[in-house]
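Structure, as structure tokens:
All values below come from the heavy atoms of this structure, side chains included, with hydrogens, waters and symmetry mates left out.
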Amino acid sequence: MFLTLGNWILPVILFFIVFYGMLKRVKVYETFLDGARDGFNTAVRTIPYLVGMIVAINIFFESGAIKVLALGLEPLFSKLGIPVEVLPHALLRPLSGGAALGVAAKLMRQYGPDSLIGRLVSTMQGSSDTTFYVLALYFGSIGVKKFRYAPYIGLIADFTTFLAAVYIVKVFFGYR
């Protein structure tokens, strides 16, 4: 029953919007075209931000910098009981949700979804945000240029989320 109801909600909402616009004597089709045109312009305006972010991510991974960083942090991660394999996901998540999801899927195929690594990346994927993606796309699309503290606060939140995910997964699933 809920699935059938769910299939009808979106068409009903769209019909209601068109009907309400007609009641208010709004030129619905022309207004829709204006909105679509603005959406296209917004998409074009954000392309430089997205291209810059994608290029930076690819340079970071293809240069081998992630492997060097993982090697350097492995002793610290080992002391804290955190598998170093989750480091690429933790570093990618603030940059790109899709890329982080790709890393999470790869780790789950390799170690299994019920492993510590699988549970950690699942928790991190679901509980953190794409800080730089938000800054690039959303701030870029509306022209926000003064976002001095936003990256710092976002990265602090990402780091806190990483630590909280490790703690919660270990406590909830009984890992030592």
Side-chain angles (χ1 to χ4, degrees), residues 3 6 39-176:
L3 184 61
F40 182 76
N41 290 336
T42 300
V44 169
R45 236 184 4 251
T46 59
I47 286 174
Y49 300 104
L50 292 175
V51 169
M53 187 177 68
I54 290 169
V55 167
I57 290 170
N58 283 331
I59 288 172
F60 186 68
F61 276 85
E62 295 301 322
S63 69
I66 186 70
K67 291 178 183 171
V68 172
L69 187 62
L71 280 174
L73 290 176
E74 190 170 11
L76 175 66
F77 273 52
S78 179
K79 281 187 179 181
L80 297 173
I82 304 169
V84 76
E85 291 85 355
V86 301
L87 182 62
H89 183 274
L91 292 175
L92 263 180
R93 183 65 179 145
L95 296 168
S96 167
L101 185 59
V103 170
K106 180 182 169 190
L107 289 173
M108 281 193 252
R109 269 194 307 275
Q110 188 173 356
Y111 297 100
D114 293 331
S115 66
L116 172 61
I117 293 172
R119 288 176 172 154
L120 267 175
V121 293
S122 297
T123 305
M124 290 161 45
Q125 183 76 23
S127 60
S128 59
D129 204 352
T130 54
T131 301
F132 289 106
Y133 183 80
V134 168
L135 292 175
L137 186 65
Y138 301 142
F139 283 23
S141 68
I142 59 172
V144 174
K145 301 227 186 267
K146 295 180 180 177
F147 50 88
R148 182 176 178 186
Y149 298 110
Y152 303 118
I153 299 301
L155 290 175
I156 289 169
D158 291 331
F159 183 68
T160 306
T161 301
F162 172 70
L163 294 178
V166 169
Y167 177 75
I168 289 170
V169 166
K170 286 190 165 205
V171 168
F172 189 78
F173 292 106
Y175 293 103
R176 293 181 188 188

CG-CD1 distance between L120 and I168, expressed to the nearest 0.5 angstrom: 11.0 Å
Min side-chain heavy-atom separation L95-F60 under 4.5 Å: no
Audit row: L91, L69, side-chain contact (heavy atoms from CB on, under 4.5 Å) steps and yes/no: CA-CA 10 Å; L91 292 175; L69 187 62; 3.4 Å; yes
V86 side chain near V166 side chain, heavy-atom distance below 4.5 Å: no
Shortest non-hydrogen contact between S122 and M108, atoms and distance: OG-CE, 3.5 Å
Shortest non-hydrogen contact from G81 toward K170: O-NZ, 2.5 Å
Geometric class of the F77/F162 ring pair [parallel <30°, tilted 30-60°, perpendicular >60°]: tilted
Nearest non-hydrogen partners of T161 and S128, listed with the distance: CG2-CB, 3.7 Å
F172 vs T123 side-chain heavy atoms within contact, under 4.5 Å: no
D158 side chain reached by R93 side chain, heavy atoms, under 4.5 Å: no
Salt bridge (charged side-chain N to carboxylate O under 4.0 Å, His left out) pairs, two or more places apart, involving residues 107-122: D114-R119
Euclidean distance, T130 OG1 relative to L101 CG, rounded to 0.5 Å: 12.0 Å
Rounded distance [0.5 Å steps], NZ in K106 versus CD in E85: 11.0 Å
Heavy-atom closest pair, residues A150 and L135: CB-CD2, 3.7 Å
Worked verdict on V103 versus V121 for side-chain contact (heavy atoms from CB on, under 4.5 Å): CA-CA 9 Å; V103 170; V121 293; 5.9 Å; no
F147 atom CZ, over 12 foreign heavy atoms within 6.0 Å: yes
Flag side-chain contact, heavy atom, 4.5 Å: S96 against Y133: no
Rounded distance [0.5 Å steps], CG in L116 versus OH in Y111: 11.0 Å
Nearest atoms (heavy-atom pairs only) where A90 meets P94: O-CD, 3.2 Å
4.5 Å side-chain heavy-atom contact, Y138 and V144: no
Gap between atom CD1 of I153 and atom CZ of R148 - 0.5 Å precision: 12.0 Å
Non-neighbouring partners of S115 that pass side-chain hydrogen bond (donor to acceptor under 3.5 Å, both in side chains), sequence neighbours left out: none
For V68, side chain to side chain contact (heavy atoms under 4.5 Å, CB included) partners two or more places apart: none
Nearest-0.5 Å distance, CZ of residue F40 to CZ of residue R45: 12.0 Å
Residue pair V134 / T131, side-chain heavy-atom distance below 4.5 Å: no
